[in-house]
Amino acid sequence: MNSICGLDCSECALKDSCGGCVPSKGRPFHGTCVAAQCCQSKGYTYCRQCTNEKGACRLKEQLIAEFNALGIADMEEVTDLNLLKGSFVNLPYTIPNGQVVKLWDDDRIYWGNQLCKKDSNRCYGLAADEHYLLVCEYGDGGSDVEIVVYKRRQQ
């Protein structure tokens with residue numbers, strides 16, 4: 001196994017550049033991984049040691065519940081999250097003063113997902129780490145991105 005979280009990384013297109021989280025000690029792409037960091041902070045070698053009674057990652061399950069609790073009316077129910085490289089979720093946002101900012105680290109691994117917006121051709125992008133939740137809305141290819149919710153998690 002080349003991953004701390006138990007994912008099979010053999011089919012990942014980024015496996016050669018990542019370095020694998022076991023050989024890199026939970027620092028793929030020389031960044032940190034939210035899943036590996038969570039488990040390591042609790043003294044576990046692998047995430048499978050850090051699961052709930054159903055065998056699911058506790059942090060992942062908590063994040064799913066927190067996303068669903070946001071009550072975004074036209075967002076599908078969140079049923080799963082994936083580990084995603086920051087550069088995939090780190091969209092540029094234009095804030096009210098016109099400045100363009102990015103909120104995530106391109107080389108960090110976050111929990112996230114993409115969901116369809118009900119009755120729309122737009123999508124919701126979700127990303128989270130141990131401190132923050134982000135829901136953004138965007139069009140094709142990440143165009144016309146808007147922040148819907150960006151908030152500190154209650155831990």
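Any value given below was found using the heavy atoms of this structure, including those in side chains, with hydrogens, waters and symmetry copies removed.
Here the CD atom belonging to E76 is positioned 9.0 Å from the SG atom belonging to C123, to the nearest 0.5 angstrom. Between S87 atom OG and K102 atom NZ the span is 8.5 Å, to the nearest 0.5 Å.
For the side-chain contact (heavy atoms from CB on, under 4.5 Å) criterion with L63, the lone passing option out of N68, L81, L126, V78 is L81. The only option from D107, L103, I109 that meets the side-chain contact (heavy atoms from CB on, under 4.5 Å) definition with D105 turns out to be D107.
Contact record, F67 with L133: CZ-CD2, 3.6 Å, taken as the closest heavy-atom pair. Of all non-hydrogen atoms in L84 and N113, the two that sit nearest each other are CD1-N, 4.0 Å. Of all non-hydrogen atoms in V149 and I72, the two that sit nearest each other are CG2-CD1, 4.2 Å. Nearest heavy atoms, S143 versus R122: O-NH1, 4.2 Å. Of all heavy-atom pairs between L91 and C136, the closest is CD1-SG, 4.1 Å. The heavy-atom pair separating E130 from R153 by the smallest distance is O-NH1, 2.9 Å.
Y110 places none of its side-chain heavy atoms less than 4.5 Å from the side chain of L83. Counting heavy atoms from C-beta on, the side chains of W111 and D129 never come closer than 4.5 Å. Using a 4.5 Å heavy-atom cutoff, the side chains of K117 and M75 are not in contact. You'll find the side chain of Q99 stays beyond 4.5 Å of the side chain of T94, heavy atoms only.
The number of heavy atoms from other shown groups lying within 6.0 Å of CG (D140) does not exceed 12. Atom NZ of K151 sits in a sparse spot, with 12 or fewer heavy atoms from other residues, nucleotides or ligands closer than 6.0 Å. At most 12 heavy atoms of other shown residues, nucleotides or ligands fall within 6.0 angstrom of atom CG in D119.
For the residue pair Q114/Y138, the side-chain donor-acceptor check at 3.5 Å is satisfied. A side-chain N or O of D74 and one of Y124 form a donor-acceptor pair less than 3.5 Å apart.
Classified by interplanar angle (parallel below 30°, tilted 30° to 60°, perpendicular above 60°), the ring pair Y150/W104 is perpendicular.
Ion pair D106/K85 not flagged as a salt bridge, since none of the NZ, NE, NH1 or NH2 atoms sits closer than 4.0 Å to an Asp/Glu carboxylate oxygen.
Both I95 and I147 are part of a single hydrophobic cluster, where members link through side-chain heavy atoms under 4.5 Å apart.
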